[in-house]
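Here is the naming used below: chain letters follow the sequence lines, and residue numbers restart at 1 for every chain. All values reported here derive from a predicted model rather than from experimental measurement.
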Amino acid sequence: MVTRLFVVHGMGVFDQAWVKPVEQQIAEIYGSYETLSSEAQETRFTIHPIRYDDILSDLVKKWQTDAAAISKLSEGVSASSAEALVGWLKTAGEGFQWTHAADVLLYRCFSDVREAVVVTVANQMLKVINADLKKNQDARWGVLAHSLGTAVAHDSLHALWTTEFDSGIKISPADVKAAFVMMVANVSRVLETDADVLTSAVQPGKASNKVRGCLNFLTVRHALDPFTIPRMFDPEEWPDAETVEQGRYQSIRVNHFRERNIHGLKHYLSHPAVHVPLMRLLSDQKSVISAAEEKKALKDFTGFGGTPPDIATAELKRLELMQPARADTWAKLRSIWDAYFGA
Amino acid sequence: MTIRPSNIRLALFLLAAWLTLTPRPAEAQSCDGTKPVATAAEGVTQVRALNRAGCLGGPACDSPICRRLKPLLDGAPNRQQISDALRAVLEEARTVAEIGRDRESLLAQMGLSLAQFVDNRVAAAAAWTLEGLALFADEPHEIDLESRLENCSDSASCTLMSAHAQRVIELATLFRRTLVKADEGIRGAFSKQLELLDKRWRAYLGSSRGQYPWELAVNSALYRKTAQFDAPPTSQWIFAHPGAAFELSRSSNDRQPSESLLLEVAGLYRWSWKEEKMRQRWGGSVTMAWRDAGEGRQKLGYGALAYLPRASTIGYVWRPQDGNDEHSVVLSADIVKFLRGTDGIRERFMGASDSK
């Protein structure tokens with residue numbers, strides 16, 4: 001039985017081929033473990049990218065095009081008020097503020113944009129799930145979401161498991177359950193809107209549980225990733241002590257520094273503490289990476305990688321200085337962006 | 001018709017070629033689970049490999065019960081056929097420990113009666129999910145096949161345990177597959193609705209009147225979103241919306257449409273949905289309009305716009321000018337393009353404009 005892995009991207013620009021580097025990294029990780037790679041990767045899992053950036057970027061591009069046209073026309077008629085209205089949109093789509101920050105802003109603040117994103121993500125997933133289940137009713141699937149994608153994946157899955165269309169058509173976690181949901185650089189709580197992330201359907205539980213959508217839930221956070229700190233997703237004994245005891249909920253912390261963008265998915269996945277549980281869940285087999293192999297991988301993994309220690313230390317100090325408070329809200333994200341990417 | 005030897009030879013040749021070239025199903029070989037295993041580890045590996053290959057109740061399974069259920073799992077069974085299939089698997093499980101021997105008590109532990117299970121399919125399909133090699137993981141009635149396999153001591157007992165594990169997995173998988181199959185229609189209907197919503201949302205953001213950020217903010221604030229999938233709106237407020245259009249007026253020297261910059265102060269745009277298309281679009285707004293008056297001067301006017309079907313716009317603008325007020329017709333680019341291609345109509349239209 002091959003597991004289908006849905007990968008949901010974060011903020012930024014993502015074209016049709018965005019998942020290639022992720023696939024490549026996962027293939028490299030896969031090849032680095034002996035037992036795991038004793039069988040071809042495609043016999044264990046396949047990767048399916050989920051894309052919603054087109055909705056956000058199309059909107060921003062349209063603003064840019066319209067604003068440029070209006071500005072040009074307003075020059076001819078000296079209509080400074082129109083220019084004042086749209087002038088700032090002429091650079092829409094350019095620069096970090098538009099390619100990254102606008103994604104978060106559009107998703108968090110504009111409920112209709114959010115709904116369009118949630119619907120398209122769930123639709124992409126369900127189409128594949130249905131096709132897989134048609135071929136093999138025992139098909140298995142999981143979700144790997146990153147950054148903004150954690151909020152998007154959460155909202156999409158919750159809606160998938162709780163919506164009842166007209167004439168009572170609904171899909172229940174009792175029938176369509178994810179093998180796992182892995183939230184990397186989890187910002188689902190700080191971007192929480194319509195559904196409470198701690199009580200929604202996106203919770204881990206036993207196979208027989210009819211309201212919890214996944215069997216396993218992993219949340220991953222870098223100790224110094226500033227985006228994950230405001231309203232941190234860090235529940236204890238969640239969703240209950242029994243589930244934690246069963247190992248169905250795992251909170252993974254890492255603190256390595258191998259590149260400046262510690263928020264990036266690639267940087268997160270490079271750590272064995274992150275990719276070992278992922279590979280085990282994808283293979284539905286804990287022993288596919290033995291405890292000894294895991295121990296060795298963790299031992300061999302140097303926190304700084306090839307980064308000179310003095311540079312790494314300086315960067316870590318910089319990150320430490322920009323740490324927001326856990327009580328901060330999503331509004332704080334703007335200043336974090338400026339500090340994180342502007343410096 | 002006579003059968004010629006050459007035809008027979010040709011037929012035999014084709015048959016031989018078919019037998020040679022047609023690949024035999026790989027699973028037919030890989031699904032042999034009867035091979036003895038020497039150790040517990042071998043047994044675990046064997047069971048895992050067979051399960052991953054879909055041999056244990058999966059699509060590659062070729063046991064009698066799998067063959068019996070295959071048409072149902074590949075087809076479109078009705079409710080009765082699903083119940084019959086569940087009953088058949090239960091019957092098949094009669095001799096298998098944990099599931100069969102105490103099947104009533106197992107179902108009781110799951111909080112079900114046989115009737116509930118078979119006829120009403122109360123048991124969730126997901127409940128039969130295998131996690132690793134554990135069935136009903138973390139339940140009081142958990143069946144951890146890996147632990148049991150690891151307890152075997154010699155080749156005979158490990159082979160026996162492997163066969164037993166294979167059987168349990170096969171039956172659990174068949175239960176799960178049958179229950180999943182039972183809801184295929186519902187999933188399909190749900191997916192269809194979701195697909196329609198996706199198309200409508202894309203149409204709303206892409207085909208309705210463009211919304212600037214401040215308009216999107218207003219319309220978002222008015223949109224009532226829930227935590228479930230919601231339908232896109234059927235109306236949109238226009239607010240401080242700049243746009244380009246063409247104006248036709250009597251004062252125009254060459255009677256050609258002139259470019260005009262609009263600022264729609266406020267308006268409303270409405271439509272209804274037919275499948276994924278926006279239909280019956282209508283609406284209007286009050287607007288300000290600037291037109292180049294030459295020599296660096298601009299003329300500001302006030303008026304109203306009406307939104308026509310197919311996203312076209314037509315409107316009227318008035319410019320007060322000390323007893324010589326100017327009246328213009330405002331047209332969206334698509335209408336002007338149309339008029340430019342039909343001179344006769346344009347002339348008649350210009351006449352209409354002059355008469356204001």
Side-chain angles (χ1 to χ4, degrees), chain A residues 1 43 55 58-59 62-63 66 69-70 73-74 76-79 81-82 85-86 89 109-116 118-120 122-123 126-127 130 133-138 158-159 162-165 169-177 194-195 200 206-208 210 215 246 284-286, chain B residues 48 51-52 54 57-59 73 110 124-127 129 131-132 136-139 173 176-177 180-181 183-184 186-191 193-195 197-198 201-202 205-206 210 212-213 216-217 219-220 223 225-230 232-233 240 242-244 259 261 263 290-292 296 298:
Chain A
M1 175 183 15
T43 65
I55 287 181
D58 285 355
L59 206 56
K62 194 170 187 315
W63 289 341
D66 289 354
I70 298 300
L73 190 60
S74 67
V77 295
S78 310
S81 52
L85 259 177
V86 298
L89 288 171
C109 300
F110 297 97
S111 59
D112 43 7
V113 176
R114 184 164 68 248
E115 186 61 18
V118 162
V119 165
T120 200
N123 186 30
L126 187 61
K127 269 199 266 191
N130 270 351
L133 286 176
K134 208 159 191 172
K135 277 185 256 172
N136 177 11
Q137 295 78 14
D138 202 27
H158 175 74
T162 57
T163 297
E164 184 169 340
F165 285 124
I169 298 169
K170 65 175 291 189
I171 285 179
S172 149
D175 298 314
V176 178
K177 201 184 277 284
D194 312 302
S200 73
K206 291 185 284 193
S208 61
K210 293 185 176 183
L215 295 170
Q246 290 159 0
D284 193 23
Q285 183 185 337
K286 277 185 184 163
Chain B
R48 278 213 181 96
N51 188 39
R52 194 172 307 124
L73 293 170
M110 293 171 76
T129 302
E131 293 182 72
F136 312 127
D138 300 319
E139 302 281 5
T173 304
R176 175 169 156 73
R177 290 185 69 198
V180 167
K181 185 72 187 179
D183 286 334
E184 191 174 271
I186 293 171
R187 283 193 307 277
F190 192 98
S191 188
Q193 298 256 28
L194 197 55
E195 173 78 13
L197 275 189
D198 192 4
W201 273 108
R202 284 177 182 274
L205 291 176
Y212 283 100
L216 201 58
N219 286 305
S220 279
Y223 178 68
K225 176 166 164 32
T226 69
Q228 281 72 47
F229 296 127
D230 295 311
E259 285 183 333
L261 180 70
L263 182 65
W290 289 268
R291 189 164 62 78
D292 191 5
Q298 58 185 324

Point to revise | Closest non-hydrogen atom pair, Val113(A) against Leu216(B) | key: CG2-CD2, 3.7 Å
Practice item. Report the relative orientation of the aromatic rings in Phe165(A) and Phe229(B); use parallel for angles under 30°, tilted for 30 to 60°, perpendicular for over 60°. Key: parallel
Check your understanding: How close do Ala227(B) and Thr162(A) get, heavy atom to heavy atom, and via which atoms?
Key -> O-OG1, 4.4 Å
Check your understanding: Do any N or O atoms from the side chain of Ser111(A) and from the backbone of Lys225(B) form a donor-acceptor pair under 3.5 angstrom?
Key -> no
Practice item. Would you check if Ser208(A) and Phe136(B) make a side-chain contact, meaning some heavy-atom pair closer than 4.5 Å? Key: no
Practice item. Could you walk me through whether Leu133(A) and Glu184(B) pass the side-chain contact (heavy atoms from CB on, under 4.5 Å) test, one step at a time? Key: CA-CA 8 Å; Leu133(A) 286 176; Glu184(B) 191 174 271; over 6 Å; no
Exercise for review: Compare every heavy atom of Asp284(A) with every heavy atom of Gly132(B), then report the nearest pair and how far apart it is.
Suggested key: N-OD1, 2.9 Å
Study note, to complete from the structure: Looking only at Thr226(B), Asp198(B), Thr173(B), the option with the highest number of non-hydrogen pairs under 4.5 Å against chain A is Asp198(B)
Check your understanding: Does a side-chain heavy-atom distance below 4.5 Å link Glu115(A) with Pro232(B)?
Key -> no
Check your understanding: Where does Glu195(B) contact chain A at under 4.5 Å (heavy atoms): side chain, backbone, both or neither?
Key -> both
Practice item. Output yes when a side-chain donor or acceptor of Asp58(A) lies under 3.5 Å from a complementary backbone atom of Gly206(B), and no otherwise. Key: no
Revision key, fill the gap. Separation between NZ (Lys170(A)) and CD (Gln228(B)), nearest 0.5 Å, reads 9.0 Å
Check your understanding: Highest number of heavy-atom pairs under 4.5 Å with chain A: which of Thr129(B), Val180(B), Asn51(B), Asp138(B)?
Key -> Asp138(B)
Point to revise | Candidate pair Phe190(B) and Thr163(A), rule side-chain contact (heavy atoms from CB on, under 4.5 Å), full reasoning | key: CA-CA 9 Å; Phe190(B) 192 98; Thr163(A) 297; 4.2 Å; yes
Point to revise | Side-chain heavy-atom pair Asp112(A), Trp201(B) within 4.5 angstrom cut-off | key: yes
Exercise for review: For residues Gln285(A) and Arg52(B), determine if any side-chain heavy atom of one lies less than 4.5 Å from a side-chain heavy atom of the other.
Suggested key: yes
Point to revise | Considering all heavy atoms, the nearest Ala116(A)-Leu205(B) contact | key: CB-CD1, 3.6 Å
**Study point:** Top of Leu126(A), Val176(A), Val118(A) for chain B proximity - count of heavy-atom pairs under 4.5 angstrom
**Key:** Leu126(A)
Exercise for review: Would you sort out whether Arg177(B) and Asp138(A) count as a salt bridge (charged side-chain N to carboxylate O under 4.0 Å, His left out), showing the intermediate values?
Suggested key: CA-CA 6 Å; Arg177(B) 290 185 69 198; Asp138(A) 202 27; over 6 Å; no
Practice item. Examine whether an atom of Ile171(A) lies under 4.5 Å from a heavy atom of chain B, and if so say whether it belongs to the side chain, the backbone or both; otherwise answer neither. Key: both
Review point. If we only count heavy atoms from C-beta on, is the Leu194(B) to Val119(A) side-chain gap below 4.5 Å?
Key: yes
Point to revise | Stepwise side-chain contact (heavy atoms from CB on, under 4.5 Å) check, Arg176(B) with Gln137(A) | key: CA-CA 7 Å; Arg176(B) 175 169 156 73; Gln137(A) 295 78 14; over 6 Å; no
Check your understanding: Hey, is NZ on Lys134(A) packed in by over 12 heavy atoms from elsewhere, all under 6.0 Å?
Key -> no
Exercise for review: Identify which of Ala122(A), Ser172(A), Ser200(A), Cys109(A) forms the greatest number of heavy-atom pairs closer than 4.5 Å to chain B.
Suggested key: Ala122(A)
Study note, to complete from the structure: With sequence neighbours left out, the residues meeting side-chain hydrogen bond (donor to acceptor under 3.5 Å, both in side chains) with Gln193(B) are none
Study note, to complete from the structure: Residues at least two apart in sequence or cross-chain that pass salt bridge (charged side-chain N to carboxylate O under 4.0 Å, His left out) with Asp230(B), listed by chain then number, are none
Study note, to complete from the structure: Minimal heavy-atom distance between Ala207(A) and Ala126(B), with the atoms involved, is CB-O, 3.1 Å
Point to revise | Any donor-acceptor N or O pair under 3.5 Å, side chains Thr120(A), Arg202(B) | key: yes
Point to revise | Top of Ala189(B), Ala217(B), Gly54(B), Gly210(B) for chain A proximity - count of heavy-atom pairs under 4.5 angstrom | key: Ala217(B)
